[in-house]
Number of protein chains: 2
Amino acid sequence: MPGTKTKAIDATTEEKIKEAARRIFTRKGYSATRTRDIAEEAGLNLALLNYYFRSKEKLFDIIMLETMQQFMQGVRVLLSAESSSLEEKISVFVSSYIDVLIKQPDLPLFIFSEIKANPKKLMAKMGLKEFLMNSQFLVQFREAVKTNKIAPVHPLQFIMNIVGLTVFPFIGSPILQNLGDLNTDEFNKLMEERKKLVPLWIKLMMMKT
Amino acid sequence: MPGTKTKAIDATTEEKIKEAARRIFTRKGYSATRTRDIAEEAGLNLALLNYYFRSKEKLFDIIMLETMQQFMQGVRVLLSAESSSLEEKISVFVSSYIDVLIKQPDLPLFIFSEIKANPKKLMAKMGLKEFLMNSQFLVQFREAVKTNKIAPVHPLQFIMNIVGLTVFPFIGSPILQNLGDLNTDEFNKLMEERKKLVPLWIKLMMMKT
DNA sequence: GTCTATATACGGATAGAC
DNA sequence: GTCTATCCGTATATAGAC
């Protein structure tokens, strides 16, 4: 039966639990998730969770760390990259992010909720601030302001705009889909459109007037 | 019978409970909130909650209904108003909304989270869709598109932009504040700036190119 | 490693004194 | 109306058989 199966081909029990946990935690958040839901989702016994991860919280910590690293990847793309222009960075960020979010639309609400619930525990692990400070992105932004190519605003305003225009639709999707009478496919079409629109809009917004 | 007795000068016990519940629910969400937290926040005994509201869920429903009505008020301002122009509507919406959110920054994350957790139960109560459909806002938007004043995009894209640029910073504030090394006052200053910037940006974004 | 059964803790709800 | 004490269901965690 299960113990005699090969580990090589299908997912190990530990991986099954992690995958199930990721789905449920992301969908419902830490507090609303019951370990029973995870066990059921994984098609496994409840006791296995404790055998592999000792506690709900430890399991969550592992999932959360991995999730945030994934979420951060887009940001790192946006911030680093020596060779590309500011505009190119924005395009790449928006486009790749929308791809991720179409596949995992629950991600933003989950991350922002959990960070709010536990800022100290989770913020440190991101190391986002250090990354931003010496980033090529910030250098290019300041240069563009100085040379009068874009309007002079706080860099954070600029970042809020890019991230907000990209991420917000997924946070508000239940309301927005209802508002526009859209099913998921139709909604995703609009998101695909935004891959081109958002970078264009950002460019227009930041024009010197 | 609860609620029928005194209309006193200072807050009644029932109001104290509701105020405490509003704060805690909004801060932590339904699942993570314990009735004991609410009782403590109100400086009252746990048993009073049940005396006045029968259950955690019934108390939550009352709070949630009131909160959504408040949240919707800004939207209604945006959508209705026969006399004002499209631009004016946007300015009023952004400005009044940012005022609300500076006072109650937890509101957006709370509302979006709870709607996601229980869309059927909560969406109907908003009645947002009906409101939008016959709104002056939508008429004016379509007119502006037809007369070539703004670029032709799905109205929902337009709404996402306005709401996203206004609301997103408050959803991401823990991360954003950390990113920019800002305390709450400094962050709020940026939000005050956005009262003027967002309407301007919207105007620029939507230009015909 | 995986299961069943059970211990333990926690949170929501209630009974009853005042 | 408000309190103390307590009940009871549910969720997490663990023991022990296989």
Side-chain angles (χ1 to χ4, degrees), chain A residues 1-64 110 113-114 117-118 121, chain B residues 1-64 110 113-114 117-118 121:
Chain A
M1 288 266 290
T4 63
K5 286 273 180 190
T6 58
K7 291 172 110 182
I9 296 165
D10 16 9
T12 64
T13 297
E14 192 176 345
E15 282 164 352
K16 277 187 205 162
I17 294 172
K18 276 176 66 174
E19 278 317 301
R22 191 189 323 282
R23 282 193 293 274
I24 306 288
F25 277 138
T26 307
R27 189 180 311 146
K28 314 215 287 184
Y30 178 78
S31 296
T33 294
R34 296 172 307 156
T35 51
R36 281 170 165 79
D37 298 336
I38 297 174
E40 191 189 0
E41 173 86 6
L44 294 168
N45 190 278
L46 174 61
L48 274 308
L49 300 219
N50 269 289
Y51 176 77
Y52 282 100
F53 298 97
R54 289 191 48 90
S55 76
K56 176 187 177 184
E57 196 182 353
K58 287 195 199 308
L59 174 56
F60 177 79
D61 288 345
I62 291 169
I63 299 300
M64 193 65 197
F110 171 63
S113 295
E114 298 301 335
N118 222 325
K121 184 173 174 182
Chain B
M1 303 297 156
T4 59
K5 264 265 157 77
T6 53
K7 274 285 195 221
I9 295 158
D10 32 10
T12 63
T13 297
E14 192 176 347
E15 283 163 351
K16 276 187 205 164
I17 293 172
K18 277 176 65 174
E19 279 316 303
R22 191 187 323 281
R23 282 192 293 274
I24 306 289
F25 276 137
T26 307
R27 189 181 310 146
K28 312 216 288 184
Y30 179 79
S31 295
T33 294
R34 296 171 307 155
T35 52
R36 283 169 166 79
D37 298 335
I38 297 173
E40 192 189 0
E41 173 85 6
L44 294 168
N45 191 278
L46 173 61
L48 273 308
L49 300 220
N50 269 290
Y51 176 76
Y52 282 100
F53 298 96
R54 292 187 49 91
S55 76
K56 176 187 177 182
E57 196 182 354
K58 286 195 198 309
L59 174 56
F60 176 79
D61 288 344
I62 291 170
I63 298 300
M64 194 64 196
F110 172 63
S113 295
E114 298 301 335
N118 222 325
K121 183 173 174 181

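Chain A is the first sequence line, chain B the second, and so forth, proteins listed ahead of strands; every chain is numbered from 1.
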Determine whether A:F60 and A:E114 satisfy the following criterion, side-chain contact (heavy atoms from CB on, under 4.5 Å), listing intermediate values before the conclusion.
CA-CA 11 Å; A:F60 177 79; A:E114 298 301 335; 3.6 Å; yes
Could you work out which one of D:dT2, D:dT4, C:dA13 sits closest to the side chain of B:T13?
D:dT2
Would you say B:T35 reaches C:dG12's phosphate, i.e. side-chain N/O to OP1/OP2 under 4.0 Å?
yes
At under 4.0 Å between heavy atoms, what does A:T33 touch on the DNA or RNA strands: base, sugar-phosphate, or nothing?
sugar-phosphate
Take atom CG of B:L48 and atom P of C:dA17, then tell me their distance rounded to the nearest Å.
18 Å
How close or far is atom P of C:dT4 from atom CG of A:L46, stated in whole angstroms?
11 Å
For A:F60 and D:dA13, what is the distance between atoms CZ and P respectively, to the nearest whole Å?
14 Å
Give a yes/no answer on whether the side chain of B:Y52 brings an N or O atom under 4.0 Å of OP1 or OP2 in D:dT2.
yes
note: B:L59, atom CG; C:dG12, atom C1'; distance rounded to Å ~ 12 Å
When you measure from the side-chain N and O atoms of B:R34 to the phosphate of C:dG11, is any distance below 4.0 Å, counting only OP1 and OP2?
yes
Checking all strands, does B:R36 fall into the base, sugar-phosphate, or nothing category for heavy-atom contacts under 4.0 angstrom?
base
Rounded to the nearest Å, what distance is computed from the CG atom of residue B:N45 to the P atom of nucleotide D:dT4?
6 Å
Any B:S55 side-chain nitrogen or oxygen under 4.0 Å from OP1 or OP2 of C:dG12:
no
Could you state the atom-to-atom distance from CG of B:N50 to P of C:dG16 in whole Å?
16 Å
A:E40 CD - C:dT2 C1' separation (whole Å):
18 Å
Separation between CD (B:E41) and CZ (B:R27), nearest 0.5 Å, reads 5.5 Å
Using a strict 4.0 Å threshold on nitrogen-to-oxygen distance, state whether B:E19 and B:R22 make a salt bridge.
yes
Under a 4.0 Å threshold between the charged nitrogen and the carboxylate oxygen, would A:K16 count as salt-bridged to A:D10?
no
Rounded at 0.5 Å granularity, tell me how far CG in B:L59 sits from OH in B:Y52.
13.0 Å
In whole angstroms, the gap separating P of C:dG16 from OH of B:Y51 amounts to 17 Å
